[in-house]
Amino acid sequence: MARRDEIGENTAPSADLRFVAQLNMLHSMAATLNSLDDVSEIAAAITDELHTILDYHNCRVYVMQDNGTTLLPIAFRGEIFYEYEHETLEELITHVGEGITGWVAEHRTSLLTPDARLVEFAVQIPDTDDILESMLAVPMTVGDAVQGVIVLSSLGYGAFDEEDQRLLEVLASHAAIAVSNAKLLQAERTAAETSSALLGLSEQLTQLRS
């Protein structure tokens, strides 16, 4: 019994330290995301930095397009495994309500499964093997608006747990705000460029009339 108590006392602090370290890295990631103003850069930062917090074999960041139905994989990171190395961004494009990613976007709720094959609405990518794969998918939302979805997958059963889900949900909330702000900034830039082009055209027409 003493041996069991000693193990419990030694492992609990280790788990707490790991969680604190993850939170510190998460805060650092949030600051990085808030400093970026390009959607592609934000998505790339998520896939690059997330590996320091969570172990995964594959990470995909989907961003909702202006039509409100298409989820475009802006960033993708996969370990060198045959099961993942042949996936392309084009094959991963999905829509709201389609597959696990689309379901998460439609219902604005996370999905954690120890085996993706057990999810009845999961969609297998064409020409890929039916493998044992754990998945964690979390929506990026600002209010009622879905900005995208972060999807993690890993070979094997039960690679992710509820603590991983909570950490990814916190990151997704920061990422959603960063993506939303980047979209607004891009829209302002586009509007400014359009206004400038129209002004230049108007001046040219005025000169021609003169």
Side-chain angles (χ1 to χ4, degrees), residues 22 26 29-30 33 39-40 42-47 49-50 53-78 83-84 87-126 128 130-184 187:
Q22 287 176 324
L26 187 61
M29 285 184 62
L33 295 178
V39 173
S40 297
I42 293 170
I46 293 172
T47 58
E49 300 294 332
L50 189 56
I53 299 178
L54 298 175
D55 291 328
Y56 64 78
H57 289 145
N58 187 285
C59 176
R60 302 181 292 276
V61 179
Y62 293 82
V63 173
M64 183 71 74
Q65 300 304 287
D66 292 339
N67 60 16
T69 60
T70 302
L71 291 161
L72 187 67
I74 299 297
F76 170 87
R77 173 171 175 165
E83 290 80 358
Y84 296 127
E87 293 182 345
T88 65
L89 292 180
E90 291 76 13
E91 292 174 331
L92 296 173
I93 294 175
T94 188
H95 299 84
V96 173
E98 179 184 359
I100 290 177
T101 303
W103 184 93
V104 168
E106 180 182 19
H107 294 273
R108 298 176 176 82
T109 187
S110 302
L111 186 144
L112 170 64
T113 175
D115 185 350
R117 298 174 302 180
L118 302 177
V119 181
E120 60 182 11
F121 48 80
V123 176
Q124 185 173 342
I125 298 174
T128 60
D130 185 17
I131 60 174
L132 174 57
E133 180 183 37
S134 309
M135 289 192 70
L136 171 59
V138 173
M140 297 186 292
T141 59
V142 177
D144 293 331
V146 177
Q147 300 298 327
V149 180
I150 302 175
V151 181
L152 301 183
S153 56
S154 188
L155 299 178
Y157 183 89
F160 306 110
D161 56 25
E162 292 181 352
E163 181 178 305
D164 297 329
Q165 179 179 328
R166 287 193 294 269
L167 283 170
L168 190 57
E169 286 174 344
V170 174
L171 173 62
S173 66
H174 289 289
I177 295 173
V179 169
S180 178
N181 291 338
K183 285 182 177 180
L184 291 174

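Contacts of Thr94 classified as side-chain hydrogen bond (donor to acceptor under 3.5 Å, both in side chains), with partners at least two apart in sequence or in another chain: Glu98. Residues passing the side chain to side chain contact (heavy atoms under 4.5 Å, CB included) test with Glu106 are Val96, sequence neighbours excluded.
Gln65 CD to Leu72 CG: the interatomic distance, rounded to the nearest 0.5 Å, is 4.5 Å. Of the inter-residue distances, the one linking Leu152 atom CG with His57 atom NE2 reads 11.5 Å to the nearest 0.5 angstrom.
Sorted by first and then second residue, the ring pair (Phe, Tyr, Trp, His ring centres under 6.0 Å) pairs involving residues 92-112 (not counting sequence neighbours) are Trp103-His107, Trp103-Phe121. Sorted by first and then second residue, the side chain to side chain donor-acceptor pair (under 3.5 Å) pairs with a member in residues 140-152 read Gln147-Lys183; sequence neighbours excluded. Evaluation of the salt bridge (Lys or Arg N to Asp or Glu O under 4.0 Å) test over residues 110-121, restricted to residues two or more places apart or in two chains, returns Asp115-Arg117. Residues in residues 166-177 take part in these side chain to side chain donor-acceptor pair (under 3.5 Å) pairs, two or more places apart or across chains: Ser110-Glu169, Gln165-Glu169.
Counting non-hydrogen atoms of other residues, nucleotides and ligands closer than 6.0 Å to CG of Asn67 gives a total above 12.
Judged by distance alone, the side chain of Tyr62 and the main-chain N or O of Leu92 form a donor-acceptor pair under 3.5 Å. Looking only at distances, no side-chain donor or acceptor of Ser154 sits under 3.5 Å from a matching main-chain atom of Tyr56. A donor-acceptor pair under 3.5 Å is absent between the side-chain atoms of Glu49 and the main chain of Thr47, judged by distance alone.
Looking at Val138 and Leu171, their side chains never come closer than 4.5 Å, going by heavy atoms from C-beta outward.
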Stepwise side chain to side chain contact (heavy atoms under 4.5 Å, CB included) test for Asp164 and Asp161: CA-CA 5 Å; Asp164 297 329; Asp161 56 25; 3.1 Å; yes

Start with the C-alpha gap between Val151 and Ile100, add the side-chain angles, then the distance that decides, and say whether side chain to side chain contact (heavy atoms under 4.5 Å, CB included) holds. CA-CA 9 Å; Val151 181; Ile100 290 177; 5.8 Å; no

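Residues Ser134 and Gly158 come closest through the heavy atom pair OG-N, 3.0 Å. The two residues Ala178 and Ile42 make their nearest non-hydrogen contact at O-CD1, 3.4 Å. Taking each heavy atom of Ala122 and Ala116 in turn, the nearest pair found is CB-O, 3.7 Å. A pairwise comparison of heavy atoms in Val61 and Met140 identifies CG1-CE, 4.2 Å as the closest pair.
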